[in-house]
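Presented below is the structure to which this report refers.
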Amino acid sequence: MTADAPRHTFQPHEHLRRPADFKRAFDRRRSAADGRLIVYVCENGLPHLRLGLSVSRKNGPAVHRNRLRRLYREAFRLTRQEMPTGLDLVLVPRRPEAPTLEELVRALPRLVRQAARKLEKESRS
């Protein structure tokens, strides 16, 4: 990798870690969903996106939940250039079955844009 190449790694400042940040996203109640995933969004006032994952125990044992988290993080890493910035995202898998990475790469930007439009529409009114 050259010094001029852009970094596509998932940086520590892009993680949602504090429970208050998750609560703010859930309380904002702006979301978009499909059959596999719910995406909650709220403004963060930063020039970048931050990602949080909420994977319930209903999705299986810890090994399976961690695999889901890795899959969703990778989809975020690959598609974050396609999404609007300045948002906190909380992803909630609906099913324990892991979708393919290709399905997530198609669905994630679309769902984030849908939820961001809801935020924008609300701020205009």
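Scope of the values below: all heavy atoms of this structure, side chains included, with no hydrogens, waters or symmetry mates.
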For a quick test of your reading: what N or O donor-acceptor pairs under 3.5 Å do the side chains of residues 33-41 make, sequence neighbours left out?
from  : atom 1 : to    : atom 2 : distance (Å)
Asp34 : OD1    : Arg36 : N      : 3.0
Asp34 : OD1    : Leu37 : N      : 2.9

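- Considering only residues two or more places apart in sequence or on other chains, Arg18 meets the side-chain contact (heavy atoms from CB on, under 4.5 Å) condition with Ala20, Asp21.
- Judged purely by atom type and a 3.5 angstrom limit, Asp88 has no side-chain atom pairing as donor or acceptor with the backbone of Asn44.
- Residues that satisfy the side-chain contact (heavy atoms from CB on, under 4.5 Å) test with His48, not counting sequence neighbours, are His13, Glu14, Leu46, Arg50.
- Considering every non-hydrogen atom in both Arg30 and Leu119, the closest pair reads CG-CD2, 3.4 Å.
- Screening residues 53-72 for salt bridge (Lys or Arg N to Asp or Glu O under 4.0 Å) gives no qualifying pairs among residues at least two apart or on separate chains.
- In this structure Phe22 satisfies the ring pair (Phe, Tyr, Trp, His ring centres under 6.0 Å) test with no other residue, sequence neighbours excluded.
- Residues Met83 and Leu78 fall within the same hydrophobic cluster, defined by Ile, Leu, Val, Met, Phe, Trp and Tyr side chains chained together at heavy-atom separations under 4.5 Å.
- Residues that satisfy the salt bridge (charged side-chain N to carboxylate O under 4.0 Å, His left out) test with Glu97, not counting sequence neighbours, are absent from this structure.
- Applying the ring pair (Phe, Tyr, Trp, His ring centres under 6.0 Å) definition to pairs two or more places apart or across chains, those involving residues 69-112 are Phe10-Phe76.
- In the hydrophobic cluster analysis, where Ile, Leu, Val, Met, Phe, Trp and Tyr join through side-chain heavy atoms closer than 4.5 angstrom, Leu53 is grouped apart from Leu16.
- Taken from CG in Leu87 to CZ in Arg28, the straight-line distance is 10.0 Å, to the nearest 0.5 Å.
- The backbone N or O of Val55 lies less than 3.5 Å from no partner atom in the side chain of Asn59, so there is not a single donor-acceptor pair.
- Rounded to the nearest 0.5 Å, atoms CG (Leu89) and OG (Ser31) are 12.0 Å apart.
- Residues that satisfy the salt bridge (charged side-chain N to carboxylate O under 4.0 Å, His left out) test with Lys118, not counting sequence neighbours, are absent from this structure.
- Among residues at least two apart or in separate chains, there is no ring pair (Phe, Tyr, Trp, His ring centres under 6.0 Å) pair with a member in residues 95-119.
- Listed by chain and residue number, nothing satisfies the side chain to side chain donor-acceptor pair (under 3.5 Å) test with Arg29 (two or more places apart in sequence, or in another chain).
- A salt bridge between Glu120 and Arg117 is absent, with no side-chain N of the basic residue lying under 4.0 Å from a carboxylate O of the acidic one.
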Which pairs of donor and acceptor atoms, one on a side chain in residues 98-116, lie under 3.5 Å apart (sequence neighbours left out)?
from   : atom 1 : to     : atom 2 : distance (Å)
Thr100 : OG1    : Glu103 : N      : 3.2
Glu103 : OE1    : Thr100 : N      : 3.1
Arg113 : NH1    : Glu82  : O      : 3.2

Notebook entry, point to check: How far apart are the C-alpha atoms of Cys42 and Phe26, what are their side-chain angles, what is the distance that settles it, and do they pass the side-chain contact (heavy atoms from CB on, under 4.5 Å) test?
Noted result: CA-CA 8 Å; Cys42 70; Phe26 287 129; over 6 Å; no
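- Counting only residues at least two apart or in different chains, ring pair (Phe, Tyr, Trp, His ring centres under 6.0 Å) contacts with residues 96-120 are absent.
- Considering every non-hydrogen atom in both Thr85 and Pro47, the closest pair reads CB-O, 3.8 Å.
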